[in-house]
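Residue numbers run from 1 in the order of the sequence given. Atoms within each ligand, like the ligands themselves, are counted from 1 in listed order.
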Amino acid sequence: MEKTCYKQNRRIYLDYAATTPCDLQVVEAMQPYFSKIFGNPSTLYSFGQEARRAMREARGKIAEFLGASPEEIIFTSGGTESNNTALKGVAYAGRNKGNHIITSSIEHHSVSESCKFLEKEGFKVTYLTVDEYGLVNPQDVKEAITDKTILISIMHANNEIGAIQPIKDIASIAREKEIYFHTDSVQTFAHIPVNVNDLGVDLLSMSAHKLYGPKGIGALYIKKGVKITPFMQGGDQEKRKRASTENIAGIAGFAKAVELAKEKMGNEEKKLTFLRDKLIKGILEKVEHSRLNGHPAQRLPGNVNVSIEYIEGESMVLNLDMKGIACSTGSACTSSSLEPSHVLLAIGLPHELAHSSLRFTIGRFTKEEDIDYVLEVLPEVVKKLRSMSPLYGEKEK
Ligand SMILES: *Cc1c(COP(=O)(O)O)cnc(C)c1O
């Protein structure tokens, strides 16, 4: 009896790319900074000094992990703000040199919408296409460069299909032409090795809530010498690059999350890759008419993205939720647009397949039995939904 109760209440979180739970050690590390060490770091007295010290330590830890120096890190409110700051900051600062930006067609909205905004401001943007696996071809980057190009921004790994881009090659092309290169590292930082010198990037975005830290805190690496124009006006914080009183508790939590990642990363990568491959193999074997989206190997350790033909992604998400499984889809029928994921369309999926996509992202607290449970439940859900699907009925005739 007890066992069935447990089963019914079972909840399995497989949407780590959307956000991660805070590690309890992170919560503990943040605790002192709410009511005890609460000073404003811009003040002169000891309350402020204590806060400044905490911030300095945290910045040092994050910089070291990234291979950067502390002066090259500014704290922001998250990945979205870091991307906005990088794109708009470099664009406005470089306006006298040129007005052309190169990016990909599969970026996170915080990059692509910043680009669209800049187009309205008179900038020209090239959106590079990707191959069937979601990979950018460095040669295409090279060919898109003009004498007006001031910035190239290509994400390190894609949040939907997990495709890991050849950042090193693209960065070296940018460096050769003396064009700034930015990468959105939100899905890779503290998950796979990310070192700014090794990658050769000028700007790099991070977000704490994607790596078991708190929401609302992130950072932007800005290489020494790179000029940015802040898009927010206010105080002199963060070397005048980011006004507003610093989120000390968030910063301390971010640093703790990075410290934990440093300790766990290698093993975690192995564990997630094993679980990912088990889930992919299991789905492709157990569910007829299913296909993997993205590259089989050149992908994030925790990312599984499949299309399950003849069913809407949203019906699957809701039915899986009733069985206690949380995952996501690139289908967007409930939102105002009927357009499915721009990423899935960019890799050449027809609308039907994009609408029938399902993304499971695995993380630190996922167990092998969770994967087994999904492999038990998903085929049943698919069978039930297909039995109600007119499209599937048509096919069987
Ligand atoms: C989540 C995410 C962001 C946005 O980060 P926030 O901290 O939620 O603003 C940006 N880029 C990628 C690739 C992401 O996955």
Side-chain angles (χ1 to χ4, degrees), residues 13-22 26 62 73-89 103-117 127 130 134-136 153-165 167 170 182-192 194 199 201 203-221 231-232 242 244 246-247 249-251 253-255 257-258 261 272 293-294 298-305 326-330 332 341-344 346-347 359-363:
Y13 184 76
L14 291 172
D15 203 13
Y16 281 82
T19 194
T20 59
C22 259
V26 166
I62 295 166
I73 305 295
I74 63 163
F75 289 111
T76 65
S77 64
T80 297
E81 189 189 324
S82 295
N83 285 339
N84 272 264
T85 305
L87 272 287
K88 294 173 191 171
T103 188
S104 82
S105 50
I106 61 162
E107 298 295 314
H108 187 266
H109 285 128
S110 52
V111 167
S112 57
E113 291 295 320
S114 291
C115 285
K116 280 187 204 153
F117 173 82
Y127 300 89
V130 292
L135 297 174
V136 172
S153 179
I154 306 284
M155 71 200 315
H156 193 183
N158 182 268
N159 44 304
E160 292 187 38
I161 55 173
I164 302 173
Q165 303 297 340
I167 292 302
I170 302 170
H182 165 253
T183 193
D184 174 352
S185 179
V186 171
Q187 289 291 334
T188 52
F189 178 66
H191 292 282
I192 61 174
V194 173
L199 291 175
V201 300
L203 301 107
L204 181 142
S205 302
M206 297 156 265
S207 176
H209 78 94
K210 302 285 175 82
L211 51 106
Y212 313 100
K215 292 169 185 58
I217 184 77
L220 177 65
Y221 159 77
F231 71 95
M232 263 192 332
R242 205 276 181 174
S244 181
E246 299 86 343
N247 173 1
I251 289 169
F254 186 5
V258 166
L272 297 190
N293 297 319
Q298 191 75 7
R299 74 188 299 136
L300 287 170
N303 177 287
V304 175
N305 191 313
C327 64
S328 74
T329 172
S341 147
H342 65 293
V343 176
L344 297 175
I347 62 172
R359 181 188 71 178
F360 298 96
T361 43
I362 300 162

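Ring geometry for F189 against F254 counts as perpendicular: the plane angle is over 60°, on a 0 to 90° scale with 30° as the lower cut.
Judged by distance alone, the side chain of T183 and the main-chain N or O of H156 form a donor-acceptor pair under 3.5 Å. Checked by atom type and distance alone, the side chain of T361 never pairs as donor or acceptor with a backbone atom of N303 at under 3.5 Å. A donor-acceptor distance shorter than 3.5 angstrom exists from the side chain of H191 to the backbone of K210, with no hydrogens or angles considered. In terms of modelled atom types and a separation under 3.5 Å, the side chain of E160 and the main chain of L344 share no donor-acceptor contact.
The side chain to side chain contact (heavy atoms under 4.5 Å, CB included) test with H182 is passed by exactly one of V201, N83, I154: N83.
The shortest non-hydrogen separation linking I62 to M206 is CG2-SD, 4.3 Å.
Taking any N or O of V186, backbone or side chain, none lies under 3.5 Å from an N or O belonging to ligand 1. At a 3.5 angstrom cut-off on N or O pairs, K210 counts as close to ligand 1. Checked by distance only, ligand 1 and S207 come closer than 3.5 Å through their nitrogen or oxygen atoms.
Residue G78 approaches ligand 1 through these ligand atoms, each under 4.0 Å from one of its heavy atoms: 7 (O). Near T80, with a cut-off below 4.0 Å to any heavy atom, the atoms of ligand 1 are 4 (C), 5 (O), 6 (P), 9 (O). Near H209, meaning under 4.0 Å from any of its heavy atoms, are these atoms of ligand 1: 6 (P), 7 (O), 8 (O). Atoms of ligand 1 found under 4.0 Å from any heavy atom of M155, numbered from 1 in the order shown, are 13 (C).
At least one heavy atom of S110 lies less than 4.0 angstrom from ligand 1.
For E81, no heavy-atom contact with ligand 1 is shorter than 4.0 Å.
Distance from atom 11 (N) of ligand 1 to its nearest protein heavy atom, with residue and atom name: D184 OD2, 2.7 Å.
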